[in-house]
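What follows is a short report on a single structure.
Chain naming here is simple, since letters A, B, ... match the order of the sequence lines and numbering starts at 1 in each.
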Amino acid sequence: MSKRSLKDGETLQRPVKESKKHWSLGLVESMKDPDAVYKETERIVVIRDKYPKARVHYLVLPTKEISSIYKLDKTHLDLITEFGTMFQTIKNELTDVDLRAGFHAVPSMQRLHMHIISKDMDSKCLKTKIHWNSFTTSFFIPYEDLLRKLKENGCIERISSDMHKGLISTPLKCNQCSFEPKNIPQLKQHLLTHL
DNA sequence: GTTCTAGAAC
DNA sequence: GTTCTAGAAC
């Protein structure tokens, strides 16, 4: 016995499973979206982060399919050097902002991407401890460090699962002073004092 | 990566 | 009672 009668057009079948792209392909989709693209060269694209974690937050990606930093080898040194040139270009254009460039040690989204993010970390999209720690602990691999590792080792070594767990559970600490907030709302309130 | 929300923390 | 965090999402 059905619990209620069906409305016009309604069926007993579940909606046909949408062939929706997996969320981890979101950056690759954004690269095709003219509204998201900030700059473009033959080899790289710069997009605005859809959920910026600071007042300025861009992503630099290769047009070529490279899934993550763990696929890099010495043949990519020119490409990564161009990432650095792009970072310098953007710094020169935004001289009133303190910008950092780097990569997440454990990226969630596909396609190699370098974050260019301002130090303020003032954003409504910054909501969780993982968000915070992914930019303020060694979970964040500065651009120069990654370039050096690639030159010296010819690849980027994965961090251990224990290291990963440790970094994302690091107690909150301000990225501009020694303050240790009790929780995220307190951190966000405190960040305003550094503006 | 985000959204949602149960239940922990206050 | 309200705020906040952390885990599931088929």
**Prompt:** Given A/His113, which of A/Val28, A/Leu61, A/Ile66, A/Ile69 fulfils the side-chain contact (heavy atoms from CB on, under 4.5 Å) condition?
**Reply:** A/Leu61

**Fill in**
Between A/Phe179 and the options A/His194, A/Lys173, A/Gln186, the side-chain contact (heavy atoms from CB on, under 4.5 Å) test singles out A/Gln186

Send over the distance from [X] [atom1] to [N] [atom2], rounded to a whole Å.
X        : N     : atom1 : atom2 : value
A/Gln110 : B/dG1 : CD    : P     : 13 Å
A/His22  : B/dT2 : NE2   : P     : 14 Å
A/Glu29  : B/dT2 : CD    : P     : 17 Å
A/Trp23  : B/dG1 : CH2   : P     : 7 Å
A/Leu126 : B/dT3 : CG    : P     : 13 Å

**Request:** Give A/Lys50 one of three labels, base, sugar-phosphate or nothing, depending on what nucleic acid heavy atoms sit under 4.0 Å from its own.
**Result:** nothing

**Cation-aromatic face contact A/Lys53/A/Tyr51, 6.0 Å, 45 degrees** = no

Hey, what are the protein-to-nucleotides 4-10 of chain B N/O distances that come in under 3.5 Å?
none

**Asked** Atom CG of A/Leu25 and atom CE of A/Met31: how far apart are they, to the nearest 0.5 Å?
**Response** 12.0 Å

**Separation between NZ of A/Lys64 and NE2 of A/His76, rounded to the nearest 0.5 Å** = 4.5 Å

[X] side-chain N/O to [Y] backbone N/O, donor-acceptor pair under 3.5 Å:
X        : Y        : value
A/Thr193 : A/His190 : yes
A/Ser118 : A/Val97  : no
A/Trp132 : A/Met121 : no

**Prompt:** Quick one: is B/dG1 close enough that its OP1 or OP2 comes under 4.0 Å of any side-chain N or O from A/His131?
**Reply:** no

**Prompt:** Is any side-chain nitrogen or oxygen of A/His104 closer than 4.0 Å to OP1 or OP2 of B/dG1?
**Reply:** yes

**Asked** How about A/His164 and A/Phe139: are their ring centroids closer than 6.0 Å?
**Response** yes

**Message:** Ring centroids only, cut at 6.0 angstrom: are A/His115 and A/Tyr58 within range, meaning strictly under it?
**Reply:** no

**Complete:** Residues of residues 176-195 of chain A with a heavy atom under 4.0 Å from any atom of DNA chain B, listed by number, are none

**Prompt:** What do the steps show when you test A/Asp98 against A/Arg100 for salt bridge (Lys or Arg N to Asp or Glu O under 4.0 Å), and what is the final call?
**Reply:** CA-CA 7 Å; A/Asp98 192 350; A/Arg100 308 289 154 84; 3.1 Å; yes

**Request:** Mind checking which stems touch DNA chain B? I mean at least 3 consecutive Watson-Crick or G-U pairs, both distances under 3.5 Å.
**Result:** B:2-10 with C:1-9

